[in-house]
Amino acid sequence: MHNYMMGLARIMAMIGGAVLTLLILLTCISIAGRLLNGVFHSDGIEAMMPQFADWMTAHVGPVNGDFELVEAGVAFAIFSFIPLCQITAGHAAVDVFANSFPPRANRILRMVTEIIFALVLVLIAWRLGAGTVSKFENGETSFLLEFPTWWAYGTSLVAAVVAAIVGIYMAAVRSIEALTGRILVQDGVETQS
């Protein structure tokens, strides 16, 4: 089961990384287009090559709706990275007091935090699902590209559901660990029994 969950988390992280990479390229292209558009609008270029400047300013510029795509893509990417972070215990933690606790207390503390995290992830997925249905039913579209906003909600919902599934799995693993005293998963790596 752990290998399946780890594989699922890694696939989501790779998809999220690919989306984030595309968004970075889109942003760079848009910024370069905006910069070049400003250069071709300069007085010197318009005076020396007016037809070329007019053609370039008509065809070179920022990507239309780039911020809409970045907004939707980053939300998806964030939810895509949560499962891997969850299963590998990669979340930030302040262990000032926890390091002085006995192992049993740390297992119980870890169980409680995993259960709370799982509940929060389920709540987020549930509300994101309700938001997706709402956006679908009212037909809302983005401002510039006019794509249905439920698309962005829906893709984020898929990643949020995977995050919730992995969160529930890790809550179950940490609960078994707290109850039995056996460590089943050590920082994302399944221990051998």
Side-chain angles (χ1 to χ4, degrees), residues 1-26 69-99 101-136 147-193:
M1 181 70 154
H2 186 75
N3 289 336
Y4 173 75
M5 288 294 173
M6 182 62 88
L8 184 62
R10 284 187 174 147
I11 288 169
M12 286 306 298
M14 285 188 275
I15 294 170
V19 167
L20 201 53
T21 301
L22 291 173
L23 292 175
I24 290 168
L25 291 172
L26 172 73
L69 295 172
V70 168
E71 181 180 33
V74 166
F76 170 78
I78 289 169
F79 283 115
S80 295
F81 296 134
I82 291 174
L84 187 60
C85 191
Q86 187 72 13
I87 203 164
T88 59
H91 296 292
V94 180
D95 295 334
V96 174
F97 298 111
N99 287 338
F101 294 164
R104 174 138 175 83
N106 274 326
R107 286 193 303 270
I108 291 171
L109 180 63
R110 212 165 183 190
M111 175 189 74
V112 169
T113 57
E114 291 287 351
I115 289 170
I116 291 171
F117 210 125
L119 291 172
V120 168
L121 289 172
V122 168
L123 177 66
I124 289 170
W126 170 49
R127 297 314 306 156
L128 193 53
T132 303
V133 170
S134 173
K135 298 296 181 187
F136 177 77
F147 68 83
T149 54
W150 75 266
W151 292 355
Y153 276 71
T155 55
S156 294
L157 175 61
V158 169
V161 167
V162 171
I165 290 168
V166 171
I168 291 168
Y169 166 73
M170 287 308 297
V173 165
R174 298 303 180 207
S175 296
I176 292 168
E177 288 178 349
L179 296 173
T180 64
R182 282 189 13 208
I183 300 299
L184 302 175
V185 176
Q186 184 68 38
D187 295 330
V189 179
E190 186 175 24
T191 58
Q192 299 298 323
S193 299

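Values reported hereafter were calculated over all heavy atoms of this structure, with side chains retained and with hydrogens, waters and symmetry mates removed. Keep in mind that what you see is a predicted model, and the values were worked out from it rather than measured.
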> Could you list the donor-acceptor pairs under 3.5 angstrom formed between side-chain atoms of residues 147-155 and any protein atom two or more places apart in sequence or on another chain?
| residue | atom | partner | partner atom | Å |
| --- | --- | --- | --- | --- |
| T149 | OG1 | E140 | O | 3.3 |
| T155 | OG1 | W151 | O | 3.3 |
| T155 | OG1 | A152 | O | 3.0 |

> If you compare all heavy atoms of M6 against all heavy atoms of T88, which two are closest, and at what distance to 0.1 Å?
CE-CG2, 4.1 Å
> Taking all atoms of both residues into account, what is the closest heavy-atom pair of R110 and A89, and its distance?
NH2-CB, 3.2 Å
> How far apart are the closest heavy atoms of M111 and S175, and which atoms are they?
CG-OG, 3.4 Å
> Identify the heavy atoms of P83 and V162 that sit nearest to each other, and give their distance.
CG-CG1, 3.9 Å
> Below 4.5 Å, heavy atoms only, C-beta onward: do I115 and R174 meet side chain to side chain?
no
> Heavy-atom distance under 4.5 Å between the side chains of I176 and R182, does that happen here?
no
> Please assess S156 against L128 for the test side-chain contact (heavy atoms from CB on, under 4.5 Å), listing each intermediate value before the final yes or no.
CA-CA 8 Å; S156 294; L128 193 53; 3.8 Å; yes
> Is I87 close to M170 at the side-chain level, that is, under 4.5 Å between some pair of heavy atoms?
yes
> To the nearest 0.5 Å, tell me how far M14 CE sits from L84 CG.
9.0 Å
> Take E177 and V185 through the test side-chain contact (heavy atoms from CB on, under 4.5 Å) and record every step on the way to the result.
CA-CA 9 Å; E177 288 178 349; V185 176; 4.2 Å; yes
> Write down the atom of A125, the atom of A164, and the distance for their closest heavy-atom approach.
CB-CB, 4.4 Å
> Working to the nearest 0.5 Å, report the span between CZ of F81 and CD1 of I15.
10.5 Å
> Got a donor-acceptor contact below 3.5 angstrom from the Q86 side chain to the A163 backbone?
no
> Measuring from T113:OG1 to I108:CD1, what's the distance to the nearest 0.5 Å?
12.0 Å
> Let me confirm one number: the CZ-OG1 distance from F136 to T132, rounded to the nearest 0.5 Å.
11.0 Å
> Could you please spell out the steps behind the side-chain contact (heavy atoms from CB on, under 4.5 Å) verdict for I124 and F79?
CA-CA 10 Å; I124 289 170; F79 283 115; 3.6 Å; yes
> Nearest 0.5 angstrom please: L20 CG to I78 CD1, how far?
9.0 Å
> Mind listing the closest non-hydrogen atom pair of L23 and L69 along with its distance?
CD2-O, 3.6 Å
> Hey, what do you get for CE (M12) to CZ (F76), rounding to the nearest 0.5 Å?
4.5 Å
